Amino acid sequence: SGLGPSGRSVFATFGLFPLQQVEFSAQDKWLAGGQLGAAWEFENQNKLQFASAYYRYIHVTGKKNALGSTLTNSTQPTFLQKGNLLYNIANDPNLDGGANDALFALAADYHLLDLNLSLDLATFAPYHVIFKGDVVKNLGYDRDEVARRTGGTTYLYSNAERTLGWMFEMVAGWPQVAKFRDWQVSASYRYLQRDAVLDAFTDSDFHLGGTDAKGWVIGGKYGLARNTWLQLRYLSSDAIDGPPLGIDTLQVDLNAKF
């Protein structure tokens, strides 16, 4: 069918966001990003949307201290969860080098290219079937640069390019659960290698945050009243490369919107 009344549209978003202030330094940590996309709405209410984005993290990578110095301690991030490749930036000969003397910082750069696609099918209106896909790649990872920066010694993981993440989701039911008896069910699969994104800014529910995780999310929503709904989610995840770690989480939420 042809395009609907709204036809097609394009959109763009750009931003610069502070992550961590470093006193008396020009090495404040920032995120710069932008997204471009297009959406199509057809006469039968089907919708298609595509977007591409680029995110560049600035001054987030660790710098090893000179011998006996603590000058680059500030390159240790304050926003880690778990998963990213780290190395010890401490370099004090008076310390024994044990875990309590280590200052772990990010070993790689993070320049992320993200592509996402959404297809909303209204064939069974008022019920919809929605397919969503997302792929992210860290273009900033350079094995030679990581080896030079770390001296060949990294924490927990070896220096290997594990920089891809992807997600596929299917949603069925009402597009928005907004009134009594509205319902929606969903299922998704996620695969996120350890340095595909910064582990600090991932979903804190899936795998209890961080990267190096793969698994399923199954959920549902049911409308209890106008702008009030019950949500149930079951999240099951496992580590991809690191030590075996399986995390299963059940969430029950009561939501209201005013």
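Nothing here was measured: the structure is a model prediction, and the numbers come from that model.
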Does Asp109 have any salt bridge (charged side-chain N to carboxylate O under 4.0 Å, His left out) partners at least two apart in sequence or in another chain, and if so, which?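 Expected list: Arg149.
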Does a side-chain heavy-atom distance below 4.5 Å link [X] with [Y]?
X: Phe14; Y: Gln35; value: no
X: Leu106; Y: Pro77; value: yes
X: Lys64; Y: Thr150; value: no
X: Trp229; Y: Lys257; value: yes
X: Leu86; Y: Leu80; value: yes
X: Ser186; Y: Glu169; value: yes
X: Val197; Y: Asn138; value: no
X: Val177; Y: Tyr222; value: no

For Val135 and Met167, what are the C-alpha separation, side-chain angles and deciding distance, and is it a side chain to side chain contact (heavy atoms under 4.5 Å, CB included)? CA-CA 7 Å; Val135 178; Met167 183 274 290; over 6 Å; no
Hey, quick one: are [X] and [Y] part of the same hydrophobic cluster, counting side-chain heavy atoms closer than 4.5 Å, chains of contacts allowed?
X: Leu121; Y: Phe168; result: yes
X: Phe131; Y: Leu48; result: yes
X: Leu245; Y: Ile240; result: no
X: Leu85; Y: Tyr191; result: no
X: Val146; Y: Leu198; result: yes

Could you check whether atom NZ of Lys63 has more than 12 heavy atoms from other residues, nucleotides or ligands sitting under 6.0 Å from it?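 Not more than 12 within 6.0 Å, no.
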The test is side-chain hydrogen bond (donor to acceptor under 3.5 Å, both in side chains); show your working for Asn65 and Thr72 and say whether it passes. CA-CA 5 Å; Asn65 280 294; Thr72 63; 2.9 Å; yes
Verify the ring-centre separation between [Y] and [X]: is it less than 6.0 angstrom?
X: Tyr234; Y: Trp216; value: no
X: Trp40; Y: Phe50; value: no
X: Tyr141; Y: Tyr110; value: no
X: Phe104; Y: Tyr155; value: yes

Would you be so kind as to tabulate the donor-acceptor pairs closer than 3.5 Å made by side chains of residues 249-256, with sequence neighbours excluded?
unit_1, atom_1, unit_2, atom_2, d
Gln251, OE1, Arg233, NE, 3.2
Gln251, OE1, Arg233, NH2, 3.1
Gln251, NE2, Asp205, OD1, 3.1
Gln251, NE2, Asp205, OD2, 3.4

Is there a donor-acceptor contact under 3.5 Å linking the side chains of Tyr157 and Asp195?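 No donor-acceptor contact under 3.5 Å links the two side chains.
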If you measure only the distance, is there a donor-acceptor pair under 3.5 Å linking the side chains of Gln20 and Thr78?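 Looking only at side-chain atoms, Thr78 and Gln20 do form a donor-acceptor pair, the distance falling under 3.5 Å.
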Using a 3.5 Å distance criterion without hydrogens, assess whether the side chain of [X] forms a donor-acceptor pair with backbone atoms of [Y].
X: Asn159; Y: Arg143; result: yes
X: Gln184; Y: Gly220; result: no
X: Asp199; Y: Gln81; result: yes
X: Lys82; Y: Gly209; result: yes
X: Asp182; Y: Ala178; result: yes
X: Asp28; Y: Val22; result: yes
X: Ser158; Y: Ala160; result: no

Stepwise side chain to side chain contact (heavy atoms under 4.5 Å, CB included) check, Val60 with Leu19: CA-CA 9 Å; Val60 299; Leu19 302 178; 4.3 Å; yes
In terms of the angle between their ring planes, are Trp183 and Tyr127 parallel, tilted or perpendicular, with boundaries placed at 30° and 60°?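 Judged by the thresholds at 30° and 60°, the geometry between Trp183 and Tyr127 is tilted.
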Least distance between heavy atoms, [X] atom then [Y] atom:
X: Ala105; Y: Gly62; result: CB-CA, 3.6 Å
X: Pro126; Y: Pro175; result: O-CD, 4.0 Å
X: Asn116; Y: Asp114; result: ND2-OD2, 3.6 Å
X: Ala196; Y: Gly165; result: CB-N, 3.8 Å
X: Leu192; Y: Gly210; result: CD2-O, 4.1 Å
X: Asn88; Y: Ala102; result: OD1-CA, 3.4 Å

What's the separation between atom [atom1] in [X] and atom [atom2] in [Y], rounded to the nearest 0.5 Å?
X: Ser69; Y: Ile89; atom1: OG; atom2: CD1; value: 10.0 Å
X: Leu139; Y: Thr163; atom1: CG; atom2: OG1; value: 8.0 Å
X: Tyr87; Y: Thr61; atom1: OH; atom2: OG1; value: 8.0 Å
X: Leu156; Y: Asp212; atom1: CG; atom2: CG; value: 8.5 Å
X: Asn73; Y: Thr75; atom1: CG; atom2: OG1; value: 7.5 Å
X: Asn91; Y: Leu71; atom1: CG; atom2: CG; value: 12.5 Å

Determine, step by step, whether Lys221 and Trp174 satisfy the side chain to side chain contact (heavy atoms under 4.5 Å, CB included) criterion, reporting the C-alpha distance in whole Å, the side-chain angles of both residues, the deciding distance to 0.1 Å, and the verdict. CA-CA 10 Å; Lys221 300 178 183 179; Trp174 291 81; over 6 Å; no
Hey, is Arg190 close enough to Asp203 for a salt bridge, meaning N to O under 4.0 Å?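 Looking at Asp203 together with Arg190, the answer is yes, because their closest N to O distance falls below 4.0 Å.
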Could Arg194 and Asp241 be called an ion pair, given the rule that one side-chain N must be under 4.0 Å from one carboxylate O?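 Yes, charged N to carboxylate O under 4.0 Å.
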Could you check Tyr55 against Val136 for side chain to side chain contact (heavy atoms under 4.5 Å, CB included), going step by step and ending with a plain yes or no? CA-CA 10 Å; Tyr55 305 101; Val136 63; over 6 Å; no
Which residue is it: Lys132, Gln45, His128, Lys47? I am looking for the one with a side chain to side chain donor-acceptor pair (under 3.5 Å) to Asp120.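 That would be His128.
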Might you work through the side-chain hydrogen bond (donor to acceptor under 3.5 Å, both in side chains) test for Ser237 and Lys214, ending with a clear yes or no? CA-CA 5 Å; Ser237 63; Lys214 60 182 179 179; over 6 Å; no
